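Comments concern the structure below.
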Amino acid sequence: MSSELENSTAPDCDVIVVGAGFAGIYALWKARQCGLDVRGFERGSDVGGTWYWNAYPGARCDVASYNYAYFFDSEIVRAWDWSDVCAGQNEIQRYLRFVAERCDVLGSVTFDTTVVSATYAKETGLWTVRTSNGESTVCRYLVLAVGALSEPKAPDIEGVDDFAGKAYFTSSWPRDEDVDLKGKRVGVIGTGSSGVQAIPEIAKVASDVFVFQRTANYVTPTSGGPMDPDIVAALRADPQAVRSELRETFGGNQPLYVGEERFHDLDETGRERALWQAWDAREVPLAFRDAHLPEANAAISEFIRKRMHEQVEDPWTADQIVPWDHPYGGKRPCMSDVYLQTYNLPHVRLISLKETPIERIIPEGIVTSAETIPLDVIVYATGFDAISGPVRAMNITGIDGVAMNDVWQNGPVNYMGTMVHRFPNLFLPSSAMSPSVLSNMATLAEQQIDFIFDKIMWLEANGRPGLHPSEESQIHWQKENLRFAERIPGALDTDSWYNGANVPGKPRQYMVYRGGFKRYHDACYAELESDFPGYELVRKTEANRAS
Ligand code: NA7
């Protein structure tokens, strides 16, 4: 630690990490490795973050777990056996606990504690973090590892509180109650990834299932199944090579298959062959090398629609379940091997809210424009105030009391997806305008936390109290984001949680950096290599005035 910093008002610790999911656990370990004194706060009673809260039946990863994992410690890679290529929620949470125990970070975390505000003092260069139990802790560096999908969206339906039966949210599935759906009439609202995973499991036990679908989604087969021993052997032989390789990819994953030919170089027969090959390899979105081009995307979308349609027996249901209104990738696509077939069961019924919208919820069930559906249980799979929501839920103030929610009133702004102008030493992994939810979040967590601590150690080594991005850098990053988003079919004009359209009143802005993981990684490290030209340094005189 630099002597200048020690002269300022004494902080309680060097670093506070909020959140104990993938990014938070690694940040706690990394801080310790850097010789910094660290404390953590976590809202849940255990580690896991998203994987702690979303404990609904059927919750599982839909990228390969052997990539959706930590690589910073080769021994962790060698010590953990995944039971399936796409592990379930419980297994992922057990994995995160295993890593947290192995890294000995649990003792630094205060669980069952929500951070309600964070305030920067220009005079000291320190952050004061307040929690729901009324305590304040002062630190020099604040890492909000609060995830992109941790702020559930309130269901915007009239009469939600009137329902006399049981109501559950997939985003905060009870952990202390044995949810019993056996023989019950269950209504599920929402057909995003959570609904698509939960509905087949609910249908196994419920007497009747009513699925309330507002927008149909693309559903393709998962790559789940037994682990391939050759893949395991390759991972274990050289985990650090895999770690480097993941950072060189577009999505932070090792795809099982990528079409080698370009859509425009193929005739109709060749395109159909490429689509089937990719379908069989369970990577149909990557059927062509230029799959991101509108014409290629249109062919992929149409191919998936046909495959979906033919799996559902009832013609009306098949027509409703297929997403005719947006291109593949415009919304978060879903993956399941059993969802579509669930509609072939006699006790499962789709209600299309496009045709017959929900009017209100009453004590007995749900009233649509066509009928009243009596229910014992309602499951809300209605999603999140995604990406920017978890940061907006806290009261964060920066230099001269500027409020984050004012700075973000027209949508989030930042530089490189992790820092905001006038909020020195505040780091936002997994937040807006990073590859975030459209990359492998575990790869991203390690990359962003590494970059954050590279910045922190640069400050320490140079005796600087803090840094934050310049306003110009932030404007540049906004433009970069828009430039890439404009190239993605449907990104800007499909209603989606990627652009805030799912939350009434939320500013519409595309919040995912679509330039690819490698480009993002390279841009971060170009800053580090040039001593952070896109940032402003906090002056010592300013930050140490109180000393
Ligand atoms: P999503 O993907 O936001 O899905 C939420 C679903 O709920 C979606 O089908 C919504 O329809 C529907 N919804 C939301 N509000 C309503 C109302 N008021 N009435 C009817 N239907 C509604 O959330 P998930 O939890 O499924 O998935 C989030 C991510 O978690 C997922 O992508 C993984 O990365 C993990 P809409 O499409 O808005 O018309």
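Since this is a predicted model, take the numbers as computed values, not measurements. Counting convention: from 1, in listed order, for ligands and their atoms alike.
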Next item on the list: Among R185, K182, K184, find the residue that satisfies the salt bridge (Lys or Arg N to Asp or Glu O under 4.0 Å) test when tested with D376.
Entry: R185
Checklist line | Residue of the set R94, E101, Q93 for which side chain to side chain contact (heavy atoms under 4.5 Å, CB included) holds with R97 | finding: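 The single option meeting the side chain to side chain contact (heavy atoms under 4.5 Å, CB included) with R97 is E101.
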Next item on the list: Determine whether the side chain, the backbone, both or neither of L353 has a heavy atom under 4.0 Å from any heavy atom of ligand 1.
Entry: side chain
Item checked: For ligand 1, the portion of K153 having any non-hydrogen atom under 4.0 Å away ->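 Just the side chain.
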Just which atoms of ligand 1 are under 4.0 Å from any heavy atom in [X]?
{"X": "G190", "answer": "6 (C), 7 (O), 9 (O), 12 (C)"}
{"X": "K331", "answer": "36 (P), 37 (O)"}
{"X": "L149", "answer": "29 (C), 30 (O), 34 (O), 35 (C)"}
{"X": "D156", "answer": "15 (N), 17 (C), 18 (N)"}
{"X": "I189", "answer": "20 (C), 21 (N)"}
{"X": "G383", "answer": "3 (O), 5 (C), 23 (O), 25 (O)"}
{"X": "I157", "answer": "18 (N), 19 (N)"}

Please report whether the ring centroid of [Y] lies less than 6.0 Å from that of [X].
{"X": "Y513", "Y": "F484", "answer": "yes"}
{"X": "Y70", "Y": "F22", "answer": "yes"}
{"X": "F451", "Y": "H521", "answer": "no"}

Next item on the list: From atom 38 (O) of ligand 1, work out which of E158, R214, M441 has a heavy atom at the shortest distance.
Entry: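 The residue whose heavy atom sits nearest atom 38 (O) of ligand 1 is R214.
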Next item on the list: Please work out which of D385, T382, D62, D495 has its closest non-hydrogen atom nearest to atom 14 (C) of ligand 1.
Entry: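 It is T382 whose heavy atom sits nearest to atom 14 (C) of ligand 1.
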For [atom], which protein heavy atom lies nearest, and how many Å away is it?
{"atom": "atom 33 (C) of ligand 1", "result": "R332 NH2, 3.4 Å"}
{"atom": "atom 4 (O) of ligand 1", "result": "G192 CA, 3.5 Å"}
{"atom": "atom 9 (O) of ligand 1", "result": "T191 N, 2.9 Å"}
{"atom": "atom 26 (O) of ligand 1", "result": "S194 N, 2.8 Å"}
{"atom": "atom 39 (O) of ligand 1", "result": "T215 OG1, 2.5 Å"}

[X]: heavy atom below 4.0 Å from ligand 1, yes or no?
{"X": "T170", "result": "no"}
{"X": "W497", "result": "yes"}
{"X": "V437", "result": "no"}
{"X": "I358", "result": "no"}

Are [X] and [Y] ion-paired here, with the side-chain N under 4.0 Å from a carboxylate O?
{"X": "K166", "Y": "E177", "result": "yes"}
{"X": "E480", "Y": "R487", "result": "no"}
{"X": "D450", "Y": "R247", "result": "yes"}
{"X": "R392", "Y": "E151", "result": "no"}

Notebook entry, point to check: Is there side-chain contact between F384 and N502, with at least one heavy-atom pair below 4.5 Å?
Noted result: no
Next item on the list: Ignoring angles and geometry beyond distance, decide whether A381 reaches within less than 3.5 Å of ligand 1 through its nitrogen or oxygen atoms.
Entry: yes
Checklist line | Backbone or side-chain N or O of N217 under 3.5 Å from ligand 1 N or O | finding: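 It does not: no N or O of N217 is found under 3.5 Å from an N or O of ligand 1.
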Next item on the list: Using the ring pair (Phe, Tyr, Trp, His ring centres under 6.0 Å) rule, take W82 and Y95 through it: C-alpha gap first, then chi angles, then the decisive distance, then the call.
Entry: CA-CA 9 Å; W82 293 107; Y95 168 76; 4.7 Å; yes
Note to self: For the residue pair Y520 / Q448, report whether a side-chain donor-acceptor contact shorter than 3.5 Å exists.
What the structure shows: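 Q448 vs Y520: donor-acceptor pair found between side chains.
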Checklist line | Ring geometry between F72 and W29 (parallel below 30°, tilted from 30 to 60°, perpendicular above 60°) | finding: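 It falls in the tilted class, 30° to 60°.
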